[in-house]
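See structure below.
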Amino acid sequence: MANRPSAEKRIENLNFQLSQRKSDQQQILLERIRDKEHADIYTEMLKTCENDIKKLTEQIKEFEDIETTIKKRKKQMQSSLELIDNIVAEGAISDTHLRMLIDKITVSEINGELKISITLNGDFRSHFDTYDELGEITERYSEIWWFPYEEK
């Protein structure tokens, strides 16, 4: 919702580009009628123009559906948020909560180093921390949706 004003500006910009391409399409059609010797070239230009119009129309529709997209994402995250709310309300994480919160824990040893990878249930993963043998954070990644760790 915070990005809505920028989305509206983007829609205006896309609508301007769309009207410009439609105008270009009309000009190309007129030139094709006048210059029948090069009709093939104008036909190719029209195809490109039609593809651009189609892409712009799809982008406009995507931006116009931003509220629908936001509601859909909120619904998907609702179960994860309810789980976290329950944990906070109880003031502690029970075994049941851990089982619902964590999908998988992978422990491996590579070159004498212990690697632990925890996969959470839900769509609320937004950071990744790496710890050394003393438990100190060595690396911190924020707002990422991939993990640089690769199992070997």
Cluster overlap Ile28 with Ile41, hydrophobic side-chain contacts below 4.5 Å = yes

Kindly indicate, with the supporting measurements, whether the criterion side chain to side chain contact (heavy atoms under 4.5 Å, CB included) is fulfilled by Asp40 and Glu44.
-> CA-CA 6 Å; Asp40 294 341; Glu44 288 299 316; 6.0 Å; no

State the CD1-CD distance between Ile53 and Gln25, to the nearest 0.5 angstrom.
-> 4.0 Å

Less than 4.0 Å between a side-chain N and a carboxylate O, is that true for Asp24 and Arg21?
-> yes

N/O donor-acceptor pair under 3.5 Å between Thr43 side chain and Ala39 backbone = yes

Between atom CG of Leu56 and atom CG of Asn13, what is the distance when rounded to the nearest 0.5 Å?
-> 9.5 Å

Charged N to carboxylate O below 4.0 Å: is that the case for Arg10 and Glu12?
-> no

Could you tell me whether Glu31 and Arg34 make a salt bridge, using a distance below 4.0 angstrom between a side-chain N and a carboxylate O?
-> yes

If you group Ile, Leu, Val, Met, Phe, Trp and Tyr by side-chain heavy-atom gaps below 4.5 Å, do Ile60 and Phe16 land in one group?
-> no

Mind checking the NZ-SG spacing from Lys22 to Cys49? Nearest 0.5 Å is all I need.
-> 10.5 Å

First locate atom CG of Leu114, then atom OG of Ser108, and finally report the distance between them rounded to the nearest 0.5 Å.
-> 7.0 Å

Value rounded to 0.5 Å, distance of CD1 in Ile110 from NZ in Lys115 = 6.5 Å

CG of Leu14 to CZ of Phe63, rounded to nearest 0.5 Å, is 6.5 Å

